[in-house]
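Here is the naming used below: chain letters follow the sequence lines, and residue numbers restart at 1 for every chain.
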2 protein chains.
Amino acid sequence: MQQVADRANVSISTVSFVVNDTKPVSPETRARILQAIDELGYRRNAAARTLASRHSHVIALMYPLSEHHLSEFVTAAAAASARLGYRLILWPTHGDDAASEVTSLVKSGIADGALLMEVKLEDERVAMLRDADAPFVLMGRTRDTTGIDFVDVDFETTTTQAVGQLARLGHQDLALVVEDNTDTPLAGYAPAARTEQSFVAETAARGLGAYVARLPRGPAAGSAFADLLVQHAPDTTAVISLHNDANFGLVNTLRRRGVQVPRDLSIITISAPERLGALCDPPITTYPQPAEELGRRSAEALIARLQGSEEEPIQLLIPCEHPSSTSSVATAARDRAPLTGADL
Amino acid sequence: MQQVADRANVSISTVSFVVNDTKPVSPETRARILQAIDELGYRRNAAARTLASRHSHVIALMYPLSEHHLSEFVTAAAAASARLGYRLILWPTHGDDAASEVTSLVKSGIADGALLMEVKLEDERVAMLRDADAPFVLMGRTRDTTGIDFVDVDFETTTTQAVGQLARLGHQDLALVVEDNTDTPLAGYAPAARTEQSFVAETAARGLGAYVARLPRGPAAGSAFADLLVQHAPDTTAVISLHNDANFGLVNTLRRRGVQVPRDLSIITISAPERLGALCDPPITTYPQPAEELGRRSAEALIARLQGSEEEPIQLLIPCEHPSSTSSVATAARDRAPLTGADL
DNA sequence: TTGTACGCGTTATCAA
DNA sequence: TTGATAACGCGTACAA
């Protein structure tokens with residue numbers, strides 16, 4: 001910085017004013033400084049800037065160590081941050097020491113704020129960050145969201161829309177399959193709970209039959225689900241799935257049993273990566289998860305908060321987009337026989 | 001830090017010695033300091049440390065902005081870094097301004113070094129980082145790797161093994177499908193090139209028929225590939241795929257045409273996420289990509305380099321593990337009819 | 001509009 | 001084994 005100042009015949013502070021655009025500088029001086037910066041290839045030192053300004057221009061993405069698929073919203077959040085002059089740092093946390101992770105994140109000054117992934121209905125990180133006065137935005141929602149910034153998928157609206165779409169096609173008996181995360185590190189993870197609740201409410205309001213299955217992760221859940229339908233809800237004509245892995249096992253099992261999708265059974269999957277649904281045979285009608293928007297918006301929300309440009313809580317609910325195809329959805333078959341477990 | 005020193009009745013330097021373990025400190029003093037740290041909840045300020053020590057303890061993960069699926073090796077790299085006292089910062093780069101990104105990365109002092117993803121055979125970032133004297137490790141390989149640290153999948157060995165496995169089962173005519181990245185931002189991306197080369201070499205050495213298809217991304221490539229086989233290599237009895245999306249389209253198309261996998265056609269996919277292969281019907285035999293190991297090892301390599309504990313270039317080639325199932329592989333059918341394009 | 005000088009919270013050098 | 005103190009590179013209050 002001193003070299004730049006020397007070369008431009010100004011003081012070091014004038015360089016700072018230009019670099020940060022913090023005070024008016026005459027056009028000529030500015031030009032000389034910019035030229036010197038360019039010629040010397042000067043970049044301001046991030047640590048010194050952080051130390052002096054008390055802002056790191058870094059935001060942390062906190063997620064459980066066990067989560068292996070960060071997917072698109074991470075890259076979207078990183079891209080949005082970069083566009084706004086921030087960097088995204090990965091902050092994996094063990095389930096049990098989230099406490100100390102939060103503290104060190106805040107007190108070390110590494111990051112100005114945090115984005116929280118995999119939010120549970122009751123999430124201890126929220127109270128900790130709040131106590132520490134650390135700005136944060138949830139990618140998801142806790143049960144009580146009073147005064148908390150969050151950006152989340154609108155599972156309620158999406159579920160209601162999916163039920164509505166099926167009801168209009170004459171389906172009377174619906175089933176829902178969600179991931180069961182009891183006993184996993186994600187116990188209390190909210191999407192399944194919210195979706196189930198909306199599903200139950202909306203089917204009840206419409207007087208439709210409703211069967212709900214909570215199944216563990218993995219494609220085997222799909223076959224298990226098919227069996228459960230045979231056993232407990234053989235009259236089901238349409239399925240809504242929040243269980244990505246199960247979709248494959250389900251369509252494959254159905255095919256083997258001669259159940260035609262969508263003629264005999266309609267399937268809709270919600271908040272899933274669109275490309276995943278397209279890989280099934282037949283392709284599964286998908287309310288695609290707004291991953292890019294979720295990542296981008298949450299980063300933008302946090303940065304807005306950091307820059308103090310927001311007063312009110314930022315609470316964004318993003319419904320999934322509407323399906324781009326109806327490949328696995330059809331009118332309810334009037335007189336379809338109950339589902340059976342026999343392979344062809 | 002001053003408060004800690006006061007409370008422990010020592011000087012601020014002694015606190016530093018304890019915190020960084022840089023100089024011997026008597027057990028009693030150390031204990032007093034640690035207690036004071038604990039009681040005050042002190043954490044050292046990252047920016048100040050970086051400024052004074054000239055090390056940020058941050059490493060950057062550079063990847064093209066277009067890459068949407070960071071997947072498991074990102075989380076593995078982040079986890080390994082955290083374990084070693086480093087943090088991983090995401091560093092998306094536009095294809096065209098990689099130059100300035102590299103420069104700012106190095107000169108800003110934000111990161112001590114970089115991990116490079118999506119390495120091309122000729123990658124401009126390498127020369128730039130080298131010129132800037134910035135430590136880096138490639139997750140992948142350039143064509144010329146003299147003196148460069150890298151951790152990469154051993155596509156050559158894996159391809160050779162896959163060809164060998166099929167040859168031993170009596171297959172005479174093999175086909176390979178890879179992603180065609182000509183005209184995409186990933187043009188020059190190495191895995192496809194290396195795999196193709198090894199495939200051609202190994203089949204030639206064994207006197208086997210070899211057909212190669214380079215196809216664009218997306219599941220539609222699978223059906224296209226099936227058509228290409230019918231047209232150009234109808235006697236193919238086994239397929240090797242480096243094209244994840246195509247696998248689904250391929251098995252689904254084959255099923256519709258009455259081609260049974262693996263009775264009529266064997267399929268092996270290499271360097272793919274294992275869970276993806278399991279979603280096909282039938283499940284595709286997979287040489288799973290060593291994603292976790294790749295991420296972990298590359299972070300470890302970079303940190304070793306940063307800590308000066310390595311002299312020689314770190315060059316790690318990791319073959320894919322062996323398939324855990326042979327669900328889509330069988331003995332070559334002696335007298336199978338040539339493939340046709342007619343649906344059942 | 002520009003310059004001076006102090007402080008940010010550490011690490012590292014040197015002396016005790 | 002410990003302590004005093006000078007950097008580290010920048011932002012900013014205040015002065016000019």
Side-chain angles (χ1 to χ4, degrees), chain A residues 1-37 40-58 85 103-112 306-308, chain B residues 1-34 36-37 40-58 85 87 103-112 306-308:
Chain A
M1 202 157 179
Q2 187 62 60
Q3 289 179 32
V4 172
D6 291 348
R7 184 179 262 256
N9 275 317
V10 295
S11 82
I12 184 173
S13 45
T14 309
V15 176
S16 176
F17 300 151
V18 168
V19 168
N20 298 309
D21 207 24
T22 41
K23 287 206 178 180
V25 172
S26 73
E28 306 82 45
T29 319
R30 170 186 299 275
R32 284 208 315 283
I33 293 176
L34 289 177
Q35 188 184 350
I37 286 177
L40 294 169
Y42 164 82
R43 310 275 169 140
R44 69 179 176 298
N45 179 288
R49 179 163 87 123
T50 300
L51 192 55
S53 71
R54 286 132 169 298
H55 295 296
S56 68
H57 280 230
V58 167
T103 321
S104 72
L105 167 63
V106 174
K107 306 203 77 166
S108 69
I110 286 188
D112 295 338
L306 290 173
Q307 299 180 334
Chain B
M1 201 159 179
Q2 186 63 61
Q3 290 178 32
V4 172
D6 291 348
R7 182 179 265 255
N9 275 318
V10 294
S11 80
I12 185 173
S13 340
T14 310
V15 176
S16 176
F17 301 153
V18 167
V19 168
N20 299 306
D21 207 21
T22 41
K23 288 204 178 179
V25 171
S26 73
E28 306 81 44
T29 320
R30 169 185 300 275
R32 282 208 317 283
I33 294 176
L34 290 177
I37 287 178
L40 293 171
Y42 163 82
R43 309 276 169 141
R44 69 181 177 297
N45 179 288
R49 177 163 89 128
T50 301
L51 189 57
S53 70
R54 290 131 165 302
H55 294 296
S56 67
H57 281 232
V58 167
R87 298 290 176 180
T103 319
S104 73
L105 167 63
V106 174
K107 305 202 76 166
S108 68
I110 286 188
D112 294 339
L306 290 174
Q307 300 181 334

* **For atom CZ of A:R30 and atom C1' of C:dT1, their distance in whole Å** => 12 Å

* Of all the choices, D:dA13, D:dG3, C:dG9, which nucleotide is nearest to the side chain of B:F17 once you look at every atom? -> D:dG3

* Checking all strands, does B:V19 fall into the base, sugar-phosphate, or nothing category for heavy-atom contacts under 4.0 angstrom? -> nothing

* Touch check for B:R43, heavy atoms < 4.0 angstrom, all strands: base, sugar-phosphate only, or nothing? -> sugar-phosphate

* Rounded to the nearest Å, what distance is computed from the CG atom of residue B:L51 to the P atom of nucleotide C:dG7? -> 17 Å

* Would you call A:D21 and A:R30 a side-chain contact if the rule is heavy atoms closer than 4.5 Å? -> yes

* Asked: Between C:dT11 atom C1' and B:D21 atom CG, what is the distance in whole Å?
  -> 15 Å

* Which residue, B:S53 or A:N20, contacts DNA chain D at a nucleotide closer to its 5' end, judged by nearest heavy atom? -> B:S53

* A:R54 side chain near D:dC10 phosphate (N/O to OP1/OP2, under 4.0 Å) -> no

* **Nearest-neighbour nucleotide for the B:A52 side chain, C:dT2, D:dG3, C:dT10 considered** => C:dT10

* Asked: So does A:S13 reach the base of C:dG3 with its side chain, donor to acceptor, closer than 3.5 Å?
  -> yes

* Structure fact -> d(A:L40 CG, A:Q35 CD) to nearest 0.5 Å is 10.0 Å

* Nearest of C:dT2, D:dT2, C:dG9 to any side-chain atom of A:T29? -> C:dT2

* Min side-chain heavy-atom separation A:V19-A:I37 under 4.5 Å -> yes

* To do: Remember a base hit wins even if backbone is also touched, and classify B:S26 as base, sugar-phosphate or nothing at under 4.0 Å, heavy atoms.
  => sugar-phosphate

* Pairwise side-chain contact, A:H55 with A:L306, heavy-atom cut-off 4.5 Å (strictly under) -> no

* Asked: How long is the gap from CZ on B:R43 to CD1 on A:I110, to the nearest 0.5 Å?
  -> 11.0 Å

* Structure fact -> Atom NE2 of B:H55 and atom P of C:dT10 are separated, to the nearest Å, by 18 Å

* Rounded to whole angstrom units, what separation is found between the CE atom of B:M1 and the C1' atom of C:dA12? -> 11 Å

* Provide, to the nearest angstrom, the distance between the CZ atom belonging to B:R49 and the C1' atom belonging to D:dG9. => 18 Å

* OP1, OP2 of C:dG3 versus side-chain N and O of A:T14: anything below 4.0 Å? -> yes

* Could you state the CD1-C1' distance from B:I12 to C:dT10, rounded to the nearest angstrom? -> 7 Å

* Asked: Which whole-number value in Å describes the distance from B:N45 CG to C:dG7 P?
  -> 18 Å

* **Of the listed nucleotides D:dT12, C:dC14, C:dT2, the one nearest the side chain of A:S16** => D:dT12

